[in-house]
Number of protein chains: 2
Amino acid sequence: MVNTVSCSHMFSGISQENYNRMMSCFNSAPKKYLAGETICFYEPKKRTVGIIEKGRAVVVKTFYSGSQTILEQLSDGSIFGEVFYFHANTDGISVIAASECTVRFIDYEHIMTSCHNACQHHSQLIQNLFSIISCKAAELSEHIDVLSHRTIREKLMAYFQIQSSKNNSTKFKLPFSLSALADYISVDRSAMMREIKKIKEEGYIDISQKEVTLLKEYIQ
Amino acid sequence: MVNTVSCSHMFSGISQENYNRMMSCFNSAPKKYLAGETICFYEPKKRTVGIIEKGRAVVVKTFYSGSQTILEQLSDGSIFGEVFYFHANTDGISVIAASECTVRFIDYEHIMTSCHNACQHHSQLIQNLFSIISCKAAELSEHIDVLSHRTIREKLMAYFQIQSSKNNSTKFKLPFSLSALADYISVDRSAMMREIKKIKEEGYIDISQKEVTLLKEYIQ
DNA sequence: ATAATTCTGTTGCATAAGCAACAAATTATA
DNA sequence: TATAATTTGTTGCTTATGCAACAGAATTAT
(Lines give C-alpha, C1' and ligand atoms only; values in the text may rest on other atoms or scores of the structure.)
Protein backbone atom coordinates (compact mmCIF):
# COMPACT_ATOMS: atom_id res chain seq x y z
CA MET A 1 0.00 0.00 0.00
CA VAL A 2 1.37 3.36 -1.06
CA ASN A 3 0.60 6.46 0.95
CA THR A 4 0.80 9.48 -1.24
CA VAL A 5 1.42 12.21 1.29
CA SER A 6 0.17 15.47 -0.08
CA CYS A 7 -0.07 17.17 3.31
CA SER A 8 1.45 20.53 4.07
CA HIS A 9 5.13 21.20 3.73
CA MET A 10 7.58 21.05 6.61
CA PHE A 11 9.00 24.46 5.81
CA SER A 12 5.98 26.30 4.48
CA GLY A 13 5.91 29.82 5.80
CA ILE A 14 9.68 29.81 6.24
CA SER A 15 11.88 31.74 3.82
CA GLN A 16 14.95 30.25 2.15
CA GLU A 17 17.12 32.60 4.20
CA ASN A 18 15.56 31.45 7.46
CA TYR A 19 15.66 27.85 6.26
CA ASN A 20 19.43 28.07 5.87
CA ARG A 21 19.76 29.79 9.23
CA MET A 22 17.74 27.01 10.86
CA MET A 23 19.75 24.28 9.24
CA SER A 24 22.95 25.71 10.63
CA CYS A 25 21.25 26.05 14.02
CA PHE A 26 20.15 22.41 13.79
CA ASN A 27 23.71 21.60 12.79
CA SER A 28 22.46 19.69 9.79
CA ALA A 29 24.65 19.34 6.71
CA PRO A 30 23.18 18.02 3.44
CA LYS A 31 24.15 14.49 2.38
CA LYS A 32 24.09 13.10 -1.13
CA TYR A 33 22.91 9.66 -2.23
CA LEU A 34 22.93 7.94 -5.60
CA ALA A 35 19.88 6.15 -7.01
CA GLY A 36 19.52 2.77 -5.32
CA GLU A 37 21.56 3.70 -2.27
CA THR A 38 20.10 3.10 1.17
CA ILE A 39 19.54 6.42 2.91
CA CYS A 40 18.76 4.87 6.29
CA PHE A 41 17.16 2.03 8.19
CA TYR A 42 14.38 2.67 10.68
CA GLU A 43 15.33 1.81 14.23
CA PRO A 44 13.04 1.43 17.25
CA LYS A 45 14.21 4.29 19.44
CA LYS A 46 15.81 6.55 16.86
CA ARG A 47 13.96 9.81 16.39
CA THR A 48 15.71 11.47 13.50
CA VAL A 49 13.73 13.46 11.00
CA GLY A 50 14.89 13.26 7.40
CA ILE A 51 14.16 15.81 4.72
CA ILE A 52 14.46 15.15 1.00
CA GLU A 53 15.80 18.46 -0.25
CA LYS A 54 16.06 17.23 -3.79
CA GLY A 55 15.32 13.98 -5.57
CA ARG A 56 13.01 11.01 -5.08
CA ALA A 57 13.11 8.21 -2.55
CA VAL A 58 10.89 5.45 -1.19
CA VAL A 59 10.18 4.07 2.26
CA VAL A 60 10.09 0.30 1.83
CA LYS A 61 9.32 -2.67 4.02
CA THR A 62 11.37 -5.76 3.25
CA PHE A 63 9.86 -9.01 4.48
CA TYR A 64 11.72 -12.09 5.64
CA SER A 65 10.78 -13.70 2.35
CA GLY A 66 12.66 -10.95 0.56
CA SER A 67 9.57 -9.40 -0.98
CA GLN A 68 9.14 -5.66 -0.63
CA THR A 69 6.28 -3.19 -0.32
CA ILE A 70 6.52 0.52 -0.88
CA LEU A 71 5.07 2.24 2.18
CA GLU A 72 5.60 5.78 1.01
CA GLN A 73 6.93 7.73 -1.90
CA LEU A 74 9.07 10.76 -1.14
CA SER A 75 10.00 13.69 -3.33
CA ASP A 76 11.34 17.26 -2.99
CA GLY A 77 10.38 18.61 0.41
CA SER A 78 9.11 15.28 1.80
CA ILE A 79 10.00 14.30 5.30
CA PHE A 80 10.45 10.84 6.74
CA GLY A 81 11.52 9.17 9.95
CA GLU A 82 10.47 6.87 12.78
CA VAL A 83 8.33 9.68 14.22
CA PHE A 84 6.07 9.57 11.17
CA TYR A 85 5.83 5.81 11.10
CA PHE A 86 3.34 4.88 13.76
CA HIS A 87 4.25 1.24 14.31
CA ALA A 88 6.17 -0.24 17.19
CA ASN A 89 7.87 -2.63 14.80
CA THR A 90 10.45 -1.01 12.53
CA ASP A 91 11.92 -4.32 11.30
CA GLY A 92 12.87 -4.26 7.65
CA ILE A 93 11.90 -0.65 7.06
CA SER A 94 14.38 1.40 5.10
CA VAL A 95 14.56 4.50 2.95
CA ILE A 96 16.05 4.01 -0.50
CA ALA A 97 17.01 6.68 -3.01
CA ALA A 98 15.02 6.33 -6.23
CA SER A 99 17.10 9.01 -7.93
CA GLU A 100 20.09 11.10 -6.92
CA CYS A 101 19.10 12.67 -3.62
CA THR A 102 20.11 15.46 -1.29
CA VAL A 103 19.00 14.71 2.24
CA ARG A 104 19.15 16.56 5.56
CA PHE A 105 18.86 14.92 8.94
CA ILE A 106 17.59 16.77 12.00
CA ASP A 107 17.43 15.62 15.57
CA TYR A 108 13.76 15.37 16.55
CA GLU A 109 14.42 16.53 20.10
CA HIS A 110 16.12 19.64 18.78
CA ILE A 111 12.98 20.56 16.86
CA MET A 112 10.72 19.93 19.82
CA THR A 113 12.80 21.55 22.50
CA SER A 114 12.73 25.25 22.03
CA CYS A 115 15.90 26.57 20.57
CA HIS A 116 18.42 28.44 22.69
CA ASN A 117 19.63 30.33 19.67
CA ALA A 118 16.02 31.48 19.47
CA CYS A 119 15.27 30.81 15.82
CA GLN A 120 12.29 32.99 15.16
CA HIS A 121 10.56 30.43 13.03
CA HIS A 122 10.86 27.55 15.41
CA SER A 123 7.23 27.83 16.40
CA GLN A 124 6.22 27.87 12.73
CA LEU A 125 8.23 24.68 12.21
CA ILE A 126 6.50 22.97 15.12
CA GLN A 127 3.10 23.98 13.77
CA ASN A 128 4.02 22.56 10.37
CA LEU A 129 5.17 19.33 11.95
CA PHE A 130 1.87 19.14 13.75
CA SER A 131 -0.14 19.61 10.63
CA ILE A 132 1.93 16.98 8.85
CA ILE A 133 1.29 14.43 11.58
CA SER A 134 -2.39 15.38 11.77
CA CYS A 135 -2.63 14.99 8.03
CA LYS A 136 -1.07 11.54 8.19
CA ALA A 137 -3.49 10.61 10.94
CA ALA A 138 -6.37 11.88 8.80
CA GLU A 139 -5.22 9.61 5.99
CA LEU A 140 -5.16 6.64 8.34
CA SER A 141 -8.61 7.56 9.57
CA GLU A 142 -9.87 7.77 6.01
CA HIS A 143 -8.40 4.35 5.30
CA ILE A 144 -10.24 2.92 8.29
CA ASP A 145 -13.47 4.47 7.03
CA VAL A 146 -13.06 2.51 3.82
CA LEU A 147 -11.87 -0.74 5.39
CA SER A 148 -14.62 -0.86 7.98
CA HIS A 149 -17.28 -1.51 5.38
CA ARG A 150 -18.28 -5.15 5.07
CA THR A 151 -18.62 -5.76 1.35
CA ILE A 152 -16.39 -5.00 -1.61
CA ARG A 153 -19.13 -2.85 -3.11
CA GLU A 154 -19.43 -0.73 0.03
CA LYS A 155 -15.68 -0.35 0.33
CA LEU A 156 -15.41 0.74 -3.29
CA MET A 157 -18.25 3.23 -3.04
CA ALA A 158 -16.88 4.63 0.22
CA TYR A 159 -13.51 5.08 -1.44
CA PHE A 160 -14.99 6.65 -4.55
CA GLN A 161 -17.09 9.04 -2.48
CA ILE A 162 -14.05 10.20 -0.55
CA GLN A 163 -12.13 10.79 -3.77
CA SER A 164 -15.10 12.59 -5.24
CA SER A 165 -15.45 14.95 -2.29
CA LYS A 166 -11.71 15.58 -2.26
CA ASN A 167 -11.87 16.60 -5.91
CA ASN A 168 -15.11 18.53 -5.45
CA SER A 169 -16.40 16.66 -8.46
CA THR A 170 -18.22 13.47 -9.35
CA LYS A 171 -15.41 12.87 -11.82
CA PHE A 172 -11.91 12.09 -10.64
CA LYS A 173 -8.80 10.10 -11.43
CA LEU A 174 -7.66 7.18 -9.31
CA PRO A 175 -4.31 8.00 -7.72
CA PHE A 176 -3.08 4.47 -8.27
CA SER A 177 -3.66 1.31 -10.31
CA LEU A 178 -6.67 -0.96 -9.84
CA SER A 179 -4.36 -3.63 -8.42
CA ALA A 180 -3.14 -1.13 -5.85
CA LEU A 181 -6.74 -0.15 -5.12
CA ALA A 182 -7.61 -3.78 -4.38
CA ASP A 183 -4.64 -3.78 -2.06
CA TYR A 184 -5.75 -0.56 -0.39
CA ILE A 185 -9.28 -1.79 0.28
CA SER A 186 -7.85 -5.20 1.24
CA VAL A 187 -9.84 -7.43 -1.07
CA ASP A 188 -9.09 -9.92 -3.79
CA ARG A 189 -8.37 -8.11 -7.03
CA SER A 190 -10.42 -10.39 -9.26
CA ALA A 191 -13.39 -10.16 -6.92
CA MET A 192 -13.04 -6.41 -6.97
CA MET A 193 -12.99 -6.34 -10.77
CA ARG A 194 -16.15 -8.43 -10.81
CA GLU A 195 -17.82 -6.01 -8.41
CA ILE A 196 -16.70 -2.94 -10.37
CA LYS A 197 -18.27 -4.48 -13.44
CA LYS A 198 -21.56 -4.96 -11.59
CA ILE A 199 -21.61 -1.45 -10.12
CA LYS A 200 -20.94 -0.14 -13.61
CA GLU A 201 -23.74 -2.26 -15.12
CA GLU A 202 -26.15 -1.08 -12.45
CA GLY A 203 -25.35 2.49 -13.42
CA TYR A 204 -23.77 3.71 -10.19
CA ILE A 205 -20.46 4.62 -11.73
CA ASP A 206 -18.64 4.93 -14.99
CA ILE A 207 -15.04 3.87 -15.09
CA SER A 208 -12.50 3.56 -17.86
CA GLN A 209 -8.84 3.16 -17.11
CA LYS A 210 -8.34 5.35 -14.05
CA GLU A 211 -11.10 7.85 -14.75
CA VAL A 212 -14.09 7.39 -12.46
CA THR A 213 -17.44 9.20 -12.56
CA LEU A 214 -20.11 8.83 -9.90
CA LEU A 215 -23.46 8.68 -11.69
CA LYS A 216 -26.13 8.22 -9.03
CA GLU A 217 -26.36 8.41 -5.28
CA TYR A 218 -25.32 5.24 -3.51
CA ILE A 219 -26.88 4.74 -0.09
CA GLN A 220 -25.26 2.05 1.96
CA MET B 1 -16.13 1.67 17.94
CA VAL B 2 -14.61 2.85 21.18
CA ASN B 3 -11.08 4.16 21.30
CA THR B 4 -9.66 3.72 24.75
CA VAL B 5 -6.92 6.31 24.77
CA SER B 6 -4.28 5.22 27.20
CA CYS B 7 -1.55 7.39 25.64
CA SER B 8 0.58 9.74 27.66
CA HIS B 9 -0.88 12.53 29.69
CA MET B 10 -1.18 16.10 28.47
CA PHE B 11 0.46 17.50 31.57
CA SER B 12 2.91 14.78 32.48
CA GLY B 13 6.18 16.32 33.56
CA ILE B 14 4.43 19.49 34.67
CA SER B 15 3.89 20.20 38.37
CA GLN B 16 0.56 21.26 39.82
CA GLU B 17 2.06 24.68 40.56
CA ASN B 18 3.17 25.14 36.97
CA TYR B 19 -0.12 23.71 35.72
CA ASN B 20 -2.02 26.45 37.54
CA ARG B 21 0.41 29.07 36.28
CA MET B 22 -0.09 27.85 32.73
CA MET B 23 -3.85 27.85 33.02
CA SER B 24 -3.83 31.46 34.07
CA CYS B 25 -1.44 32.20 31.22
CA PHE B 26 -3.80 30.40 28.82
CA ASN B 27 -6.59 32.40 30.39
CA SER B 28 -8.57 29.22 30.95
CA ALA B 29 -11.08 29.02 33.79
CA PRO B 30 -12.59 25.66 34.80
CA LYS B 31 -16.21 25.01 33.86
CA LYS B 32 -18.58 22.57 35.54
CA TYR B 33 -21.07 20.25 33.85
CA LEU B 34 -23.67 17.90 35.27
CA ALA B 35 -24.06 14.30 34.09
CA GLY B 36 -25.87 14.27 30.76
CA GLU B 37 -25.04 17.86 29.89
CA THR B 38 -23.48 18.63 26.52
CA ILE B 39 -19.96 19.95 27.00
CA CYS B 40 -19.53 21.01 23.39
CA PHE B 41 -20.22 20.24 19.74
CA TYR B 42 -17.39 19.71 17.30
CA GLU B 43 -17.24 22.35 14.60
CA PRO B 44 -15.24 22.27 11.35
CA LYS B 45 -12.81 25.12 11.92
CA LYS B 46 -12.80 25.32 15.69
CA ARG B 47 -9.50 24.34 17.24
CA THR B 48 -10.19 24.34 20.92
CA VAL B 49 -8.55 21.77 23.15
CA GLY B 50 -10.64 20.50 26.04
CA ILE B 51 -9.27 18.92 29.20
CA ILE B 52 -11.34 16.82 31.57
CA GLU B 53 -9.90 17.84 34.92
CA LYS B 54 -12.32 15.69 36.85
CA GLY B 55 -15.13 13.33 35.93
CA ARG B 56 -16.09 11.18 32.96
CA ALA B 57 -17.37 12.14 29.55
CA VAL B 58 -17.89 10.61 26.11
CA VAL B 59 -17.32 11.78 22.57
CA VAL B 60 -20.37 10.62 20.63
CA LYS B 61 -21.47 10.65 17.03
CA THR B 62 -25.20 11.10 16.53
CA PHE B 63 -26.49 9.93 13.16
CA TYR B 64 -29.39 11.38 11.22
CA SER B 65 -31.40 8.33 12.27
CA GLY B 66 -30.89 9.36 15.87
CA SER B 67 -28.70 6.39 16.73
CA GLN B 68 -25.45 7.09 18.51
CA THR B 69 -21.96 5.62 18.66
CA ILE B 70 -19.41 6.30 21.33
CA LEU B 71 -16.20 7.36 19.63
CA GLU B 72 -14.15 7.88 22.73
CA GLN B 73 -14.38 7.64 26.49
CA LEU B 74 -12.82 10.41 28.52
CA SER B 75 -11.84 10.49 32.17
CA ASP B 76 -9.61 12.52 34.51
CA GLY B 77 -6.80 14.07 32.50
CA SER B 78 -8.22 13.16 29.07
CA ILE B 79 -8.15 15.71 26.32
CA PHE B 80 -10.53 16.15 23.42
CA GLY B 81 -11.17 18.51 20.54
CA GLU B 82 -11.36 18.85 16.79
CA VAL B 83 -7.56 18.66 16.60
CA PHE B 84 -7.65 15.07 17.86
CA TYR B 85 -10.47 14.01 15.61
CA PHE B 86 -8.95 13.48 12.21
CA HIS B 87 -12.04 13.70 10.04
CA ALA B 88 -13.10 16.58 7.85
CA ASN B 89 -16.71 15.91 8.78
CA THR B 90 -17.58 16.93 12.33
CA ASP B 91 -21.35 16.61 11.84
CA GLY B 92 -23.16 15.21 14.84
CA ILE B 93 -20.07 14.91 17.01
CA SER B 94 -20.45 16.14 20.55
CA VAL B 95 -18.93 15.68 23.98
CA ILE B 96 -21.35 14.69 26.71
CA ALA B 97 -20.68 14.55 30.43
CA ALA B 98 -21.15 11.02 31.79
CA SER B 99 -20.76 12.23 35.36
CA GLU B 100 -20.29 15.61 36.98
CA CYS B 101 -17.32 17.14 35.17
CA THR B 102 -14.80 19.91 35.52
CA VAL B 103 -13.50 20.97 32.14
CA ARG B 104 -10.90 23.46 30.91
CA PHE B 105 -10.78 24.87 27.41
CA ILE B 106 -7.56 26.09 25.83
CA ASP B 107 -7.06 27.82 22.54
CA TYR B 108 -5.01 25.50 20.31
CA GLU B 109 -3.13 28.38 18.70
CA HIS B 110 -2.08 29.61 22.11
CA ILE B 111 -0.49 26.25 22.84
CA MET B 112 1.27 26.09 19.50
CA THR B 113 2.48 29.65 19.32
CA SER B 114 5.22 30.13 21.80
CA CYS B 115 4.10 32.03 24.80
CA HIS B 116 5.07 35.64 25.32
CA ASN B 117 4.77 35.27 29.05
CA ALA B 118 7.41 32.61 28.56
CA CYS B 119 5.93 29.70 30.48
CA GLN B 120 8.90 27.48 31.10
CA HIS B 121 6.97 24.31 30.49
CA HIS B 122 5.48 25.29 27.21
CA SER B 123 7.92 23.12 25.30
CA GLN B 124 7.09 20.18 27.56
CA LEU B 125 3.41 20.73 26.82
CA ILE B 126 4.03 20.72 23.08
CA GLN B 127 6.03 17.51 23.37
CA ASN B 128 3.20 15.90 25.31
CA LEU B 129 0.68 17.01 22.70
CA PHE B 130 2.89 15.47 20.07
CA SER B 131 3.10 12.16 21.81
CA ILE B 132 -0.66 12.13 22.32
CA ILE B 133 -1.30 12.68 18.62
CA SER B 134 1.37 10.14 17.67
CA CYS B 135 -0.21 7.67 20.03
CA LYS B 136 -3.62 8.22 18.47
CA ALA B 137 -2.09 7.75 15.04
CA ALA B 138 -0.46 4.53 16.24
CA GLU B 139 -3.86 3.27 17.35
CA LEU B 140 -5.31 4.04 13.94
CA SER B 141 -2.41 2.28 12.33
CA GLU B 142 -2.95 -0.74 14.54
CA HIS B 143 -6.62 -0.76 13.60
CA ILE B 144 -5.69 -0.77 9.92
CA ASP B 145 -3.33 -3.68 10.53
CA VAL B 146 -6.27 -5.68 11.86
CA LEU B 147 -8.81 -4.55 9.26
CA SER B 148 -6.55 -5.20 6.30
CA HIS B 149 -6.71 -8.95 6.80
CA ARG B 150 -9.17 -10.74 4.52
CA THR B 151 -10.85 -13.31 6.73
CA ILE B 152 -12.49 -13.11 10.15
CA ARG B 153 -10.01 -15.64 11.46
CA GLU B 154 -7.04 -13.58 10.32
CA LYS B 155 -8.50 -10.39 11.72
CA LEU B 156 -9.14 -12.04 15.06
CA MET B 157 -5.68 -13.57 15.28
CA ALA B 158 -4.05 -10.27 14.26
CA TYR B 159 -6.01 -8.51 16.98
CA PHE B 160 -5.19 -11.14 19.58
CA GLN B 161 -1.52 -11.04 18.71
CA ILE B 162 -1.40 -7.27 19.13
CA GLN B 163 -3.11 -7.52 22.51
CA SER B 164 -0.76 -10.30 23.51
CA SER B 165 2.36 -8.35 22.65
CA LYS B 166 0.99 -5.26 24.38
CA ASN B 167 0.50 -7.29 27.55
CA ASN B 168 3.79 -9.12 27.13
CA SER B 169 1.86 -12.30 27.75
CA THR B 170 -0.05 -14.95 25.84
CA LYS B 171 -2.84 -14.32 28.32
CA PHE B 172 -4.77 -11.07 28.31
CA LYS B 173 -8.18 -9.54 28.89
CA LEU B 174 -10.22 -8.05 26.07
CA PRO B 175 -10.66 -4.32 26.65
CA PHE B 176 -14.26 -4.48 25.44
CA SER B 177 -17.16 -6.85 24.84
CA LEU B 178 -17.25 -9.42 22.05
CA SER B 179 -19.95 -7.40 20.34
CA ALA B 180 -17.69 -4.38 20.40
CA LEU B 181 -14.86 -6.55 19.10
CA ALA B 182 -16.98 -7.59 16.12
CA ASP B 183 -17.61 -3.91 15.57
CA TYR B 184 -13.91 -3.09 15.81
CA ILE B 185 -12.84 -5.74 13.31
CA SER B 186 -15.88 -4.82 11.16
CA VAL B 187 -17.48 -8.22 10.77
CA ASP B 188 -20.81 -9.78 11.56
CA ARG B 189 -20.97 -10.73 15.22
CA SER B 190 -22.54 -14.14 14.72
CA ALA B 191 -20.00 -15.00 12.06
CA MET B 192 -17.25 -13.92 14.43
CA MET B 193 -18.67 -16.10 17.21
CA ARG B 194 -18.73 -19.06 14.86
CA GLU B 195 -15.11 -18.41 13.93
CA ILE B 196 -14.01 -17.99 17.54
CA LYS B 197 -15.58 -21.36 18.29
CA LYS B 198 -13.62 -22.95 15.45
CA ILE B 199 -10.30 -21.35 16.42
CA LYS B 200 -10.92 -22.57 19.94
CA GLU B 201 -11.74 -26.13 18.78
CA GLU B 202 -8.61 -26.18 16.64
CA GLY B 203 -6.58 -25.33 19.72
CA TYR B 204 -5.21 -21.95 18.69
CA ILE B 205 -6.74 -20.04 21.56
CA ASP B 206 -8.61 -20.45 24.77
CA ILE B 207 -11.28 -17.93 25.57
CA SER B 208 -13.82 -17.64 28.34
CA GLN B 209 -15.68 -14.41 28.92
CA LYS B 210 -13.08 -11.75 28.17
CA GLU B 211 -10.01 -13.78 29.11
CA VAL B 212 -8.03 -14.88 26.07
CA THR B 213 -4.98 -17.15 25.96
CA LEU B 214 -2.94 -17.77 22.84
CA LEU B 215 -2.06 -21.47 22.77
CA LYS B 216 -0.10 -22.09 19.59
CA GLU B 217 1.56 -20.03 16.92
CA TYR B 218 -0.75 -18.91 14.17
CA ILE B 219 0.93 -18.25 10.83
CA GLN B 220 -1.25 -16.39 8.36
C1' DA C 1 12.48 -2.75 -31.56
C1' DT C 2 12.08 -6.54 -28.57
C1' DA C 3 11.66 -8.67 -24.42
C1' DA C 4 10.04 -8.68 -19.92
C1' DT C 5 7.10 -7.24 -16.55
C1' DT C 6 3.11 -5.53 -14.65
C1' DC C 7 -1.77 -4.54 -15.11
C1' DT C 8 -6.47 -5.56 -16.61
C1' DG C 9 -10.32 -8.39 -17.49
C1' DT C 10 -12.66 -12.85 -17.05
C1' DT C 11 -14.40 -17.36 -15.26
C1' DG C 12 -15.54 -21.79 -12.35
C1' DC C 13 -15.55 -23.48 -7.97
C1' DA C 14 -15.73 -23.94 -3.00
C1' DT C 15 -16.58 -21.86 1.09
C1' DA C 16 -16.36 -18.09 4.27
C1' DA C 17 -19.18 -14.80 5.93
C1' DG C 18 -23.43 -11.96 5.96
C1' DC C 19 -28.23 -11.99 7.48
C1' DA C 20 -32.15 -13.21 10.29
C1' DA C 21 -33.98 -15.15 14.15
C1' DC C 22 -33.96 -17.20 18.46
C1' DA C 23 -32.96 -18.57 23.51
C1' DA C 24 -29.97 -18.30 27.39
C1' DA C 25 -26.80 -15.77 30.17
C1' DT C 26 -25.14 -11.74 31.92
C1' DT C 27 -25.17 -6.98 33.29
C1' DA C 28 -27.45 -2.61 34.22
C1' DT C 29 -31.22 -0.01 36.11
C1' DA C 30 -35.25 1.08 38.74
C1' DT D 1 -35.08 -7.72 44.27
C1' DA D 2 -37.48 -7.39 40.11
C1' DT D 3 -37.24 -5.80 35.45
C1' DA D 4 -35.15 -4.14 31.52
C1' DA D 5 -31.46 -4.05 28.46
C1' DT D 6 -27.58 -5.82 26.64
C1' DT D 7 -24.46 -9.51 25.57
C1' DT D 8 -23.46 -14.19 24.33
C1' DG D 9 -24.12 -18.39 21.95
C1' DT D 10 -26.23 -21.01 18.20
C1' DT D 11 -28.18 -22.39 13.59
C1' DG D 12 -30.04 -22.57 8.56
C1' DC D 13 -29.89 -20.33 4.43
C1' DT D 14 -27.93 -17.67 0.69
C1' DT D 15 -24.57 -15.35 -1.61
C1' DA D 16 -20.61 -12.57 -1.82
C1' DT D 17 -15.88 -13.25 -1.97
C1' DG D 18 -11.44 -15.57 -1.99
C1' DC D 19 -8.61 -18.48 -4.82
C1' DA D 20 -6.55 -20.29 -8.92
C1' DA D 21 -5.76 -19.93 -13.50
C1' DC D 22 -5.83 -17.89 -17.77
C1' DA D 23 -5.29 -14.47 -21.93
C1' DG D 24 -4.75 -10.00 -23.72
C1' DA D 25 -3.45 -5.00 -23.00
C1' DA D 26 -0.41 -1.76 -21.44
C1' DT D 27 3.83 -0.39 -19.37
C1' DT D 28 8.58 -0.53 -18.51
C1' DA D 29 13.15 -2.13 -19.27
C1' DT D 30 16.88 -3.68 -22.35
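Lettering of chains follows the sequences in order, A, B, ..., and the numbering in each one begins at 1. Since this is a predicted model, take the numbers as computed values, not measurements.
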Step-by-step salt bridge (charged side-chain N to carboxylate O under 4.0 Å, His left out) determination, A:Lys200 to A:Glu195: CA-CA 8 Å; A:Lys200 209 171 161 182; A:Glu195 201 59 39; over 6 Å; no
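- When the local axes at the two ends of the helix from C:dA1-D:dT30 to C:dA30-D:dT1 are compared, using 5 base pairs at each end, they differ in direction by 70° after rounding to 10°.
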Annotated protein contacts, base or backbone, on nucleotides 5-19 of chain D with a non-hydrogen cut-off under 4.0 Å, one of B, S, - each: --SBBBBB---SBBB
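- The side chain to side chain donor-acceptor pair (under 3.5 Å) pairs that include a residue from residues 43-56 of chain A are A:Tyr19-A:Glu53, A:Arg47-A:Glu109, A:Glu53-A:Arg104, where partners are two or more places apart or lie in different chains.
- At a threshold of 4.0 Å, the pair A:Glu202-A:Lys216 does not count as salt-bridged, since none of the basic side-chain nitrogens sits closer than that to a carboxylate oxygen.
- Distance OH/A:Tyr85 to CG/A:Leu71: 6.0 Å, rounded to 0.5 Å.
- Checked by atom type, the side-chain pair B:Asn167/B:Gln163 shows no donor-acceptor distance below 3.5 Å.
- For the residue pair B:Ser15 and B:Asn18, a side-chain donor N or O sits within less than 3.5 Å of a side-chain acceptor on the partner.
- Remark: B:Glu37 does not engage B:Lys31 in a salt bridge, criterion side-chain N to carboxylate O under 4.0 Å.
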